[in-house]
Amino acid sequence: MGTDAPRTTGHRALRSLVVVLAGLLAIAVLVVGVGWWSVQRAFPDYTGRVAVAGLDDTVTVARDASGIPTITATTDHDLFFTQGYVHAQDRFWEMDFRRHVTAGRLAELFGAGQVETDAFIRTLGWRQVAQAEYELLDESSRAGLDAYAEGVNAYLGERTGAGLSFEYTLLGITNPGYDPEPWSAVDSLAWLKAMAWDLRSNLDDELDRAVLATALPPEEVARLHPGYDYQRMPTVTGGAPAAAPAALDAVPLGADATTAAPEGAAPTADDLAAIAARLDSLPQLLGEGGGEIGSNAWVISGAHTVTGEPMLANDPHLGAAMPSVWYQVGLKCDDLDADCRYDVSGYSFAGLPGVIIGHNERIAWGMTNLGPDVMDLYYEHVRGDEYELDGAWVPLTIREETIEVAGGEPVSLRVRSTGRGPIISGEEYATIAGTAEASSDPAARNAVSLQWTALTPGRTAAAIFAVNRARDWDDFRAGVALFEVPAQNLVYADVDGNIGYQAPGTVPVRKQGDGTVPLPGWTSANGWTGTVPFEQLPSTFNPERGYLATANGAPSADGPMLTKDWDLGYRAARIEARIAAQIAEGRNFVLDDLASIQDDTLDQNALAFQPVLAELGGLGEDATAGRELLVDWDAHADADDPAAAYFAVFWRTLLDDLFGGGRLPAGTEPHGGDRWIGVVGGLLADPAASWWTNETIGVASRDEMLAHALDTAWDEASGLLGDDPAGWSWGRLHTLTTTNASFGSSGLAPLEALFNRGPFELDGGSSIVDASGWDVQEGYEATWVPSMRMLVDVGDFDRSRWIDLTGTSGHVFHPHYGDQTADWRDGVTRPWPFSDEDVVSATRQTLVLLPGATLAGDDPGTGAGK
């Protein structure tokens with residue numbers, strides 16, 4: 001899935017879900033010794049013959065040396081049934097945890113500490129929207145989802161408790177008697193809401209601008225949110241930088257859009273900061289990373305490849321989850337016919353049928369997040385259970401919710417919504433959190449409501465099935481037209497030699513404004529009039545230049561206004577430059593060339609500083625040494641490079657000198673990444689800017705500020721890495737720990753050691769093609785990474801390569817729990833068998849599922865963990 005909200009936001013660590021377990025789990029793990037037997041109990045059977053009620057015919061599950069399954073069946077039903085069964089074998093705890101998140105039911109698992117999170121997700125109503133989406137889908141898509149759920153439940157019928165996953169052993173200590181309920185199609189669809197939330201585009205920028213506006217003049221708010229530079233950066237459809245956008249203007253704000261707030265209706269900076277903090281507290285199911293996560297995808301036509309056929313690359317950048325958010329799988333029909341229509345392989349999500357990114361027997365596709373502005377905030381004037389609209393008081397829509405709490409009493413919640421969407425601020429949340437009492441005062445007070453495309457039921461699930469079956473460009477476009485939320489960039493290649501790009505998604509058309517700031521909700525002059533027609537979204541087919549690349553920057557220099565908050569294009573520019581340079585040299589591409597681009601570590605932020613630093617004079621000994629180290633550097637952020645380590649420390653120090661120490665409102669401090677690279681790049685060209693003066697540290701000019709940062713960074717780097725810069729390395733600072741989403745951030749070291757893996761030293765960094773991003777507010781550790789890498793040779797799919805971040809299994813200590821990470825770290829990809837012959841050759845273990853309740857003389861579900 002395309003991946004990536006395109007802009008900077010706060011660190012979103014998953015708040016500990018297991019604080020209440022800490023003491024008991026320490027005893028259980030370290031003293032009682034639930035032990036190796038308890039861990040192994042949950043390992044699924046990968047070989048043998050199992051009778052499974054609900055199948056139409058025999059199904060084989062052939063696993064390769066990485067444990068990656070290829071499922072072969074005779075009907076669509078059996079194919080998706082078995083995908084559900086296999087996902088449950090390897091990842092059921094992950095699936096169960098996710099569905100509790102998406103339904104606002106974490107407190108049922110982990111107790112009162114999760115009530116506030118549940119309340120916010122219930123307010124958004126993910127589960128209700130998912131239920132409505134199921135009813136909206138076509139019969140074939142519903143059948144696929146139902147078959148998948150049947151397969152999950154067939155596996156649940158074979159195993160319970162610790163036999164399903166080791167996590168249930170731990171959960172049982174404080175939540176005894178918990179038994180997972182059957183899986184449903186709605187559980188699968190609700191995952192799409194979480195996916196949309198994690199890729200929600202510019203909501204954080206909108207809040208950030210609103211908070212900044214309480215302390216800074218408009219021109220400085222604008223300086224701190226630079227726009228896309230169409231004269232320097234490429235677009236997907238245009239390639240080389242455009243002269244200027246041709247038709248991207250938003251409707252100007254009219255006087256009625258900014259009508260003065262009714263008394264008591266304007267939120268304060270504290271109100272807005274509280275909303276931002278609430279957003280930060282939500283679990284990130286695509287992994288920790290926030291708004292700076294991004295993705296790369298490109299496709300090169302056969303005119304520029306050694307095979308004469310297209311090649312396609314994709315590496316979505318997401319949080320470093322353990323297990324990986326992706327699950328590699330092949331879905332094959334014995335014979336392609338009306339009863340069985342799939343021959344597809346790629347990356348799936350555990351909990352959802354089909355393949356999200358990959359290829360079938362005729363086409364290949366990759367995704368990055370389009371990142372349009374699909375959320376708007378409105379300031380509301382609320383009085384009791386009414387809100388003001390055009391001078392009249394209108395009843396709020398009210399929904400009552402009950403949050404069940406493990407080990408505690410149920411909590412009641414009143415969800416209130418305007419005609420645009422739910423109210424996401426107010427005293428209800430403070431009351432739930434135990435920090436305030438609900439007020440019965442009917443006097444008017446401020447509130448903030450949210451309008452979001454994902455809260456309107458859509459057909460994205462149908463798009464997945466349709467794309468998996470597509471056989472040409474027209475089929476593909478018809479399928480992706482259904483991919484409504486989250487909006488994506490898709491690159492395409494087929495066996496007929498075609499390449500293309502299409503941006504699908506539901507993008508609102510606003511009555512007024514550009515979506516960059518919250519607007520008054522008490523006037524109907526604000527809001528949405530509809531959505532951008534699919535035909536107007538960016539698209540191109542077989543461009544003359546022979547390649548297409550997308551990395552979350554602006555897709556086009558004309559067309560409808562989709563957002564003002566694109567990724568600023570540093571990765572896109574580097575990918576374009578690498579591809580164009582090789583074409584200019586006349587060297588045709590092989591897959592290794594695409595892999596080399598994925599591993600590119602050039603730091604364009606460092607390049608921008610080098611000429612300025614080279615001119616600095618009058619420096620002290622340490623600052624001089626630092627300047628020379630950076631000026632002589634090739635600007636590649638490699639793990640073993642001393643200069644890369646020092647530049648990261650310098651960059652973090654400089655951002656703090658420029659914007660830290662209370663110079664910005666709380667919650668708006670820089671986190672690094674493309675936005676702040678753009679901000680500081682602009683300041684480098686404006687030495688007279690007031691930000692270069694900081695009386696607290698005693699600097700009054702740009703050059704003094706840079707000198708101070710060089711000197712301070714040298715001291716910090718020496719303290720972190722030793723006095724000899726020859727022994728410094730970026731990888732010692734820039735490490736990755738793959739963190740389990742539920743138990744991996746408990747704060748209890750022995751428990752985290754069970755579920756997490758690492759640290760691993762990494763190349764790359766923020767806004768670098770090899771995008772192992774980091775948050776300057778948190779340290780130098782990688783928080784979002786290429787979550788997988790794939791390289792597709794359309795001329796022969798068996799030559800394609802792939803790698804996942806962790807491994808196929810979600811079972812701690814299973815051989816495939818983290819067996820791909822070392823290769824992933826080293827930029828190594830593995831063979832990707834697709835043809836029947838290659839699948840057979842690669843198979844190491846085979847499980848045969850037979851229809852029926854029992855096998856004569858056999859015990860169904862034999863193996864550990866029944």
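If you're wondering where the values come from, they're calculated on a predicted model, not measured in any experiment. One-based numbering along the sequence shown.
- R789 contributes a side-chain N or O that, together with a main-chain N or O of W824, makes up a donor-acceptor pair within less than 3.5 Å.
- Scanning both residues, A42 and A162, for their nearest heavy atoms gives CB-O, 3.4 Å.
- For the pairing with H87, the ring-ring contact (aromatic ring centres under 6.0 Å, His included) check across W93, Y327, F92, Y155 returns one residue only, Y327.
- Looking at heavy atoms from C-beta onward, I68 lies in side-chain contact with Q820 at the 4.5 angstrom threshold.
- With a 6.0 Å cutoff to the six-membered ring centre and a 45° limit on the axis angle, R757 counts as a cation-pi contact of F813.
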Dump the intermediate steps for side chain to side chain contact (heavy atoms under 4.5 Å, CB included) on R341 and S140, then the final yes or no. CA-CA 11 Å; R341 299 170 291 168; S140 176; 2.9 Å; yes
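- Ring orientation note: the planes of Y148 and W183 are nearly perpendicular, at an angle over 60° on the 30°/60° scale.
- Rounding to the nearest 0.5 Å gives a distance of 4.5 Å between CG of N468 and CH2 of W365.
- Using modelled atom types and a 3.5 Å distance limit, the side chains of W326 and S787 yield a donor-acceptor pair.
- Side chains of S324 and R91: a donor-acceptor N/O pair is absent below 3.5 angstrom, by distance only.
- Note: Q328 CD to D64 CG = 8.0 Å, rounded to the nearest 0.5 Å.
- Judged by distance alone, with hydrogens and angles left aside, the side-chain atoms of T72 form no donor-acceptor pair with the main-chain N or O of T60 at under 3.5 Å.
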Assess whether side chain to side chain contact (heavy atoms under 4.5 Å, CB included) is satisfied between T821 and F760, documenting all intermediate values. CA-CA 9 Å; T821 306; F760 303 94; 3.7 Å; yes
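- Ring geometry, F797 versus F834: the interplanar angle exceeds 60°, so the pair is classed perpendicular (tilted spans 30 to 60°).
- At a threshold of 4.5 Å between non-hydrogen side-chain atoms, the residues N552 and R571 count as touching.
- Counting only heavy atoms from C-beta outward, the side chains of W473 and I363 never approach each other to under 4.5 Å.
- To the nearest 0.5 Å, atom CG of residue D823 and atom OG1 of residue T829 are 8.5 Å apart.
- Rounded to the nearest 0.5 angstrom, I499 CD1 and E309 CD are separated by 12.0 Å.
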Could you go step by step and tell me if D90 and R63 meet the salt bridge (charged side-chain N to carboxylate O under 4.0 Å, His left out) rule? CA-CA 12 Å; D90 289 328; R63 292 183 184 258; 3.0 Å; yes
Start with the C-alpha gap between V329 and Q83, add the side-chain angles, then the distance that decides, and say whether side chain to side chain contact (heavy atoms under 4.5 Å, CB included) holds. CA-CA 8 Å; V329 67; Q83 187 181 15; 4.0 Å; yes
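- Counting only heavy atoms from C-beta outward, the side chains of Y492 and L312 never approach each other to under 4.5 Å.
- Aromatic ring orientation, Y46 versus H816: parallel (interplanar angle below 30°, classes split at 30° and 60°).
- Using a 3.5 Å distance cut-off with no hydrogens or angles, the side chains of Q502 and S539 do pair a donor with an acceptor.
- Residues E133 and R459 are not paired through a salt bridge, judged by the lack of any N-O separation under 4.0 Å between the basic side chain and the carboxylate.
- With respect to the salt-bridge test (charged N to carboxylate O, under 4.0 angstrom), the residues D836 and K332 qualify.
- Counted by atom type alone, H814 and T808 present zero donor-acceptor pairs between their side chains at under 3.5 Å.
- Taking a cutoff of 4.0 Å between a charged side-chain nitrogen and a carboxylate oxygen, D343 and R469 do not qualify as a salt bridge.
- Side chains of E167 and S165: a donor on one and an acceptor on the other come within 3.5 Å.
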Using the rule given for side chain to side chain contact (heavy atoms under 4.5 Å, CB included), can you reason through L482 versus V480, listing the C-alpha separation, both sets of side-chain angles and the distance that settles it, and then say yes or no? CA-CA 5 Å; L482 303 173; V480 300; over 6 Å; no
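- R799 has a carboxylate O that lies under 4.0 Å from a charged side-chain N of D796, or vice versa, which qualifies the two as a salt bridge.
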Where do N153 and Y85 land on the side chain to side chain donor-acceptor pair (under 3.5 Å) test, with the steps shown first? CA-CA 8 Å; N153 293 330; Y85 185 95; over 6 Å; no
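- Side-chain contact, Q598 with D770: no donor N or O sits under 3.5 Å from an acceptor N or O.
- Nearest heavy-atom pair, H317 versus P786, reported as atom, atom and distance to 0.1 Å: CD2-CA, 3.6 Å.
- A pairwise comparison of heavy atoms in P353 and F80 identifies CB-CD2, 3.9 Å as the closest pair.
- The two atoms that bring N369 and A487 nearest to each other are OD1-O, 3.0 Å, heavy atoms only.
- Summarising the geometry, atom CG belonging to L490 is positioned 7.0 Å from atom CZ belonging to F483; distances are rounded to the nearest 0.5 Å.
- A donor atom on one side chain and an acceptor atom on the other are found under 3.5 Å apart for N489 and T368.
- Taking 4.5 Å as the limit, some side-chain heavy atom of D793 sits within range of a side-chain heavy atom of S800.
- Between the side chains of S66 and R830, at least one donor N or O sits under 3.5 Å from an acceptor N or O.
- Checked for salt-bridge contact, D472 and R362 miss the test: no charged N lies under 4.0 Å from a carboxylate O.
- The cationic group of R98 lies under 6.0 Å from the six-membered ring centre of W191 and within 45° of the ring axis, placing it in a cation-pi geometry.
- For the 3.5 Å distance criterion, the side chains of D138 and S141 qualify, holding a donor opposite an acceptor.
- A donor-acceptor pair shorter than 3.5 Å can be found between the side chains of S835 and D798.
- Between Y547 and F589, the ring center distance fails the sub-6.0 Å criterion.
- V299 has its side chain out of reach of M311: every pair of non-hydrogen atoms, C-beta onward, lies at least 4.5 Å apart.
- Looking at R142 and E135, no side-chain N of the basic residue comes within less than 4.0 Å of a carboxylate O on the acidic one, giving no salt bridge.
- With rounding to the nearest 0.5 Å, the separation of CG in L331 from OG in S348 is 7.5 Å.
- The shortest distance between side-chain heavy atoms of Y347 and P316 does not fall below 4.5 Å.
- Side-chain atoms of T846 and V61, non-hydrogen and from C-beta on, never get closer than 4.5 Å to each other.
- A donor-acceptor pair under 3.5 Å is formed between the side chain of T843 and the backbone N or O of V839.
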